[in-house]
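Position 1 is the first residue of the sequence; numbering continues from there. Computed from heavy atoms alone, side chains included, the values below leave out hydrogens, waters and symmetry copies. In listed order, ligands and their atoms are each counted from 1.
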Amino acid sequence: MNDRWIDLHTHSTASDGSLTPLELIRYAAEKNLRAMALTDHDCVDGLDEAVAEGERLGIEVIPSVELSADHSGGTMHILGFFVDRRNEGFCGRLRRLQEARRERNPKIIEKLQGQGLKITYDEVVSASGGGQVGRPHFAKVLVQKGYVSSMQEAFERYLKKGAPGYVEKFRFSPQEAISAIHEAGGVAVLAHPFTLYKDTTAAIDPLLAGLSGIGLDGIEVIYSTYSPDQARYYQELADKHHLLPSGGSDFHGAHKPGIDLGIGQGRLKVPFELLEPLRKKARGYAVSSHTG
Ligand code: AMP
Ligand code: ZN
Ligand code: FE
Ligand code: FE
């Protein structure tokens with residue numbers, strides 16, 4: 001019955017993936033995916049090309065985005081599916097996030113240079129291939145220069161929160177991120193909830209209750225690195241808090257070794273059936289974004 005799968009979490013060179021939007025969609029065709037969401041961080045620049053190529057190749061490409069939200073204790077990312085990439089208010093908000101990167105990125109260079117590393121911002125920009133510059137591009141240059149042996153090590157030693165090259169950047173509050181997505185006619189889905197807290201999951205229940213109260217629509221219950229127990233746990237939380245289930249690989253190409261499109265670490269399977277409830281919910285926001 002279900003002979004084709006989907007992937008609702010992927011990145012291209014428009015943010016910090018290693019494949020261009022065109023290459024990504026062609027790769028999805030090779031993988032025989034039925035639908036996929038391009039969810040670049042803070043940016044929709046890859047969507048026109050990706051959607052057009054998807055139409056050509058018979059793969060539904062869901063125009064999407066991944067926004068970082070302010071949250072103490074860990075990392076909160078919120079995916080927006082079915083966003084209107086031409087919505088003016090939404091594009092204005094994304095520009096604010098790009099501005100925050102332009103403020104932050106040179107400061108990372110200064111900090112890395114302060115650690116005695118020979119690295120320039122031009123090198124990082126060229127590693128980004130012309131799209132938006134993010135920490136994985138700094139990591140890539142550190143690997144290329146032999147300062148570290150892997151992207152992971154670059155984050156551990158220099159780039160992760162608390163490491164000597166880390167610099168804070170402006171983020172939306174969870175409420176602002178969710179509202180921005182809704183205003184653009186999209187559904188808001190909490191990505192990889194395990195990154196919310198470093199050591200404990202005890203606080204996730206009240207947090208989800210709160211996020212659900214401010215309009216969160218869904219939660220990623222299928223993800224590349226989940227164990228079967230984790231997947232069950234997040235599905236239970238989805239049920240409890242009336243959140244729609246979503247799933248994806250978080251494919252970044254060569255920038256996240258070991259995670260493949262559609263199949264994650266090999267076991268990932270995201271059924272097409274997850275897509276329709278998300279689409280239906282997004283239609284409600286799209287209608288209100290036109291009338292409101
Ligand atoms: P930025 O948005 O520029 O701060 O970069 C964040 C991105 O860096 C995330 O979306 C991941 O793709 C990547 N990243 C963050 N932390 C790590 C980590 N510990 N190891 C590998 N990649 C990471
Ligand atoms: Zn990323
Ligand atoms: Fe993320
Ligand atoms: Fe992601």
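Taking the six-membered ring where the residue is Trp, H41 and H77 present perpendicular rings, their angle passing 60° and hence far from 30°.
In this model, no donor atom of one side chain and acceptor atom of the other lie less than 3.5 Å apart for E183 and S179. D250 and S224 form no side-chain donor-acceptor contact under 3.5 Å, judged by distance and modelled atom types alone.
The shortest N/O to N/O separation between R104 and ligand 1 falls below 3.5 Å. For ligand 1, the polar-atom distance check against R101 finds a nitrogen or oxygen pair separated by under 3.5 Å.
Geometrically, R4 does not engage F272 in a cation-pi contact, judged by NZ or CZ lying under 6.0 Å from the ring centre and within 45° of the ring axis.
Neither the backbone nor the side chain of H11 comes within 4.0 Å of ligand 1, counting heavy atoms alone. The proximity of E66 to ligand 1, defined as any non-hydrogen pair under 4.0 Å, does not occur for either the backbone or the side chain. Counting heavy atoms under 4.0 Å from ligand 1, residue H137 does not touch it at all. Residue H41 touches ligand 1 through its side chain alone, judged by heavy-atom distances below 4.0 Å. Proximity of T75 to ligand 1, defined as any heavy-atom pair under 4.0 Å, is not found for any part of the residue. With a 4.0 Å cut-off on non-hydrogen atoms, R135 touches ligand 1 through its backbone as well as its side chain.
Protein N/O/S atoms found under 2.8 Å from the Fe ion (ligand 4), listed by chain and residue number: H9 NE2, H11 NE2, E66 OE1, D250 OD1.
In summary, H41 places an N/O/S atom under 2.8 Å from the Zn ion (ligand 2), meeting the contact criterion. Because the distance cut-off is set at 2.8 Å, H252 qualifies as a neighbour of the Zn ion (ligand 2) through one of its N, O or S atoms. The Zn ion (ligand 2) lies at 2.8 Å or more from every N, O or S atom belonging to E66.
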